[in-house]
Amino acid sequence: MLIKKRRGWELPERTATPEATFLNRRQLAKGLAAGSILLAGGSLFAGRSNAATEVDPTADLYPVKLNGKYEIDRMLTEPKYALTYNNYYEFGTHKGIAQLAQKLEIRPWTVLIDGMVEKEQMVDVDTLIRAMPLEERLYRHRCVEAWSMTVPWSGFPLAALVDYAKPLSGAKFIRMETVVQEETMPGLRSSWYPWPYVEGLTMAEATNELAFIATGLYGAPIAKQNGAPLRLVTPWKYGFKSIKSLVRFTFTDQRPVGFWEEIQGSEYGFWANVNPEVSHPRWSQAHETVLGTNEKVPTLLFNGYGDYVADLYKGMENERLYM
Ligand SMILES: Nc1nc2c(c(=O)[nH]1)N[C@H]1C(S)=C(S)[C@@H](COP(=O)(O)O)O[C@H]1N2
Ligand SMILES: [Mo]
């Protein structure tokens with residue numbers, strides 16, 4: 001049984017001023033840095049990577065300033081859970097892929113912006129990250145497997161990348177693609193999966209203020225297992241929409257077919273908006289287990305983000321918005 005130890009930085013957000021939260025975040029970052037030294041020393045992910053010599057070239061950017069607008073009503077998930085309980089099928093179909101994922105090569109890393117844009121471009125990830133307005137946001141995350149976490153992401157609004165890309169007026173969707181690294185990703189040998197992992201959003205969703213590209217987590221560069229160096233975060237949608245390790249953004253007038261939709265369209269759809277009233281064939285969505293605790297809490301429509309996103313779906317009552 002997990003014993004819940006309450007730490008300073010786990011205070012419910014409503015009792016902490018944004019400033020206090022930011023200070024706590026800094027302390028957390030220090031703790032994490034100490035943890036990375038441990039990691040480099042080989043105790044956690046021994047012999048798995050060149051972590052000892054790897055220094056993330058964006059490490060100097062963190063922690064970034066908290067944007068306190070996005071309030072949460074839960075304690076933050078302890079890093080040890082969010083960093084070791086993962087879904088990243090390229091590395092395996094179980095939750096314990098964190099160690100294997102240390103092999104992912106995250107530099108050099110080039111991002112392709114193509115399709116219906118003024119000018120297609122390849123941009124180096126460090127150039128891109130440094131051109132973007134970085135901030136920290138505390139968001140809930142709800143996996144369709146009925147577990148949830150609450151974490152501090154660092155990154156930038158997806159809308160800023162859309163501005164940067166200069167899409168043509170005919171573009172209606174963004175299709176996003178995960179890197180393919182045959183040498184480091186053992187899951188790719190399972191050739192019945194439709195690699196690469198793909199996800200998509202409408203332009204209205206992509207430019208909604210909640211849509212975020214994470215470049216950091218817990219006040220440090222985002223860990224490989226969580227989707228370094230760029231990972232989509234759409235907190236009102238089920239977790240499978242939040243595609244990891246992005247290398248390509250394609251602007252298109254065709255609705256993209258996501259990885260899971262391609263595998264099992266009857267279970268996973270394009271919209272995937274969190275809805276406690278619509279069950280997945282294998283999981284009721286009414287409740288969720290809070291990662292790192294034994295707590296089960298009711299799931300909220302749009303994962304509690306309806307004020308920001310419900311308008312996106314007005315007039316679409318006949319669409320299957322929730323799977
Ligand atoms: N490329 C890729 N992205 C992915 C996945 C994956 O298997 N591959 N899993 C998704 C699912 S189902 C979830 S719940 C989240 C998990 O993110 P976390 O490991 O950071 O908690 O990543 C999403 N993004
Ligand atoms: Mo998930």
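Along the sequence shown, residues are numbered consecutively beginning with 1. Note that ligands are numbered from 1 as they come in the structure, with each ligand's atoms numbered from 1 the same way.
Less than 4.0 angstrom separates some heavy atom of E90 from each of these atoms of ligand 1: 1 (N), 2 (C), 6 (C), 7 (O), 8 (N). Listed by atom number, the atoms of ligand 1 under 4.0 Å from C143 heavy atoms are 14 (S). In the vicinity of M149, heavy-atom distances shorter than 4.0 Å reach the ligand 1 atoms 21 (O). Taking every non-hydrogen atom of F240 and a distance limit under 4.0 Å, the qualifying atoms of ligand 1 come out as 10 (C), 11 (C), 12 (S). Ligand-side atoms of ligand 1 in range of N226: 18 (P), 20 (O), range being under 4.0 angstrom from any heavy atom. Near Y88, meaning under 4.0 Å from any of its heavy atoms, are these atoms of ligand 1: 1 (N), 6 (C), 7 (O), 8 (N). Heavy-atom proximity to T178, at under 4.0 Å, picks out these atoms of ligand 1: 1 (N).
In terms of N/O distances under 3.5 Å, ligand 1 is not approached by H141. Residue Y89 places at least one N or O, backbone or side chain, under 3.5 Å from an N or O of ligand 1.
Under the 4.0 angstrom criterion for non-hydrogen atoms, E145 is not in contact with ligand 1. Between W147 and ligand 1 there is a heavy-atom distance shorter than 4.0 Å. Using a 4.0 Å heavy-atom cutoff, S242 is listed among the residues neighbouring ligand 1. Taking a 4.0 Å cut-off on heavy atoms, K241 fails to register as neighbouring ligand 1.
For an aromatic pair to be called close, the ring centres must be under 6.0 Å apart, and F240 with Y268 satisfies this. A centroid separation of 6.0 Å or more is found between the aromatic rings of Y218 and W153.
Closest to atom 22 (O) of ligand 1 among all protein heavy atoms lies K244 CE, 3.4 Å. Of the protein's heavy atoms, R231 NH2, 3.0 Å lies nearest to atom 17 (O) of ligand 1. Of all protein heavy atoms, the one lying nearest to atom 10 (C) of ligand 1 is Y197 OH, 3.5 Å. At the top of the distance list for atom 13 (C) of ligand 1, counting protein heavy atoms only, stands G239 O, 3.5 Å.
Scanning all heavy atoms of the two residues, the minimum distance from P157 to P133 falls at CD-O, 4.0 Å. Closest heavy-atom contact between S148 and R74: OG-NH1, 3.7 Å.
In the model, W271 has a side-chain atom that pairs as donor or acceptor with a side-chain atom of E319 under 3.5 Å. Side-chain atoms of Q181 and E90 form no donor-acceptor pair, as typed in the model, at a separation below 3.5 Å.
Within 6.0 Å of the CD atom in E317, the count of heavy atoms belonging to other residues, nucleotides or ligands exceeds 12. The neighbour count for K95 NZ, taken as heavy atoms of other residues, nucleotides or ligands under 6.0 Å away, is above 12.
Considering N87, V179, N86 only, the shortest heavy-atom separation from atom 12 (S) of ligand 1 involves N87.
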Checklist entry - Checking salt bridge (Lys or Arg N to Asp or Glu O under 4.0 Å) for the pair K237/E205: CA distance, chi angles, key distance, verdict? => result CA-CA 11 Å; K237 293 180 178 286; E205 291 176 327; 2.8 Å; yes

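Because its NZ or CZ atom is both nearer than 6.0 Å to the ring centre of Y305 and within 45° of the ring axis, R140 counts as a cation-pi partner of that residue. Under the 6.0 Å distance and 45° angle rule, K241 counts as a cation-pi partner of F270.
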